[in-house]
Amino acid sequence: LGMIWTIILRFAIQDISVEEMTAKEGLLLWCQRKTAPYKNVNVQNFHTSFKDGLSFCALIHRHRPDLLDYSKLSKDDPLHNLNLAFDIAEKHLDIPRMLDPEDLVNCPKADER
């Protein structure tokens with residue numbers, strides 16, 4: 001969740017203007033809108049929707065398509081997807097690595113903090 005907030009702050013959230021939403025609901029809505037066009041991405045929550053890494057990669061690709069080729073990613077390789085997203089975020093977007101890919105893949109319910 002911390003990484004997603006950082007990505008949002010990096011690319012601005014001016015297109016969210018839904019009243020009576022919590023910050024978490026607004027963040028989820030932003031993620032859903034940004035990733036909607038992407039194959040194999042269906043953001044429904046912060047527990048399971050990011051486990052395969054495609055949602056993280058889609059968010060990065062949506063704003064910086066020059067940094068990764070989304071079409072070459074596979075839902076079947078979550079460790080690769082997560083490591084790719086976190087490496088790109090750290091090296092090219094100045095977003096520190098806050099999550100461990102192995103923990104996300106192996107944990108049934110990721111910690112939102």
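Within the 4.5 Å cutoff, the side chain of Arg64 has no heavy atoms near those of the Ile88 side chain. By the 4.5 Å heavy-atom criterion applied to side chains, Phe50 and Leu104 are not counted as neighbours. Contact annotation: the side chain of Arg33 approaches that of Leu29 to within less than 4.5 Å [non-hydrogen atoms, C-beta and beyond]. Residues Lys24 and Phe46 meet the side-chain proximity criterion, which asks for heavy atoms closer than 4.5 Å. Counting heavy atoms from C-beta on, the side chains of Asn106 and Asp103 never come closer than 4.5 Å.
Between His63 and Trp30, the angle of the ring planes stays under 30°, which puts this pair in the parallel group of the 30/60° scheme. Using cut-offs of 30° and 60° for the angle between ring planes, the His61 and Tyr70 rings count as tilted.
Across all non-hydrogen atoms, the minimal contact from Leu59 to Cys31 is CD1-SG, 4.2 Å. Closest approach of Leu82 and Gly53 over heavy atoms only: CD2-CA, 3.5 Å. Arg62 and Lys34 make their closest contact through NH1-O, 3.2 Å (heavy atoms, listed as atom of the first residue, atom of the second, distance). In terms of heavy atoms, Gln44 sits closest to Gln32 at CA-NE2, 4.2 Å.
Ser55 OG to Tyr38 OH: the interatomic distance, rounded to the nearest 0.5 Å, is 11.5 Å. Going from atom CD1 of Ile95 over to atom CZ of Phe56 covers 10.5 Å, rounded to the nearest 0.5 Å. Residue Asp66 holds its CG atom at 8.5 Å from NE2 of His92, rounded to the nearest 0.5 Å. Here the CD atom belonging to Glu102 is positioned 13.0 Å from the SG atom belonging to Cys107, to the nearest 0.5 angstrom. Cys57 contributes atom SG, which lies 5.0 Å from atom CG of Leu84 (distance to the nearest 0.5 angstrom).
With hydrogens and angles ignored, the 3.5 Å screen pairs no side-chain donor or acceptor of Asp87 with any backbone N or O of Glu90. Not a single donor-acceptor pair under 3.5 Å links the side chain of Asp52 to the backbone N or O of Lys75. Under a 3.5 Å cut-off, the side chain of Asn81 and the backbone N or O of Leu73 do not form any donor-acceptor pair.
Screening Val43, Asn42, Thr35, Leu54 for a side chain to side chain contact (heavy atoms under 4.5 Å, CB included) involving Ser49 leaves a single residue, Val43.
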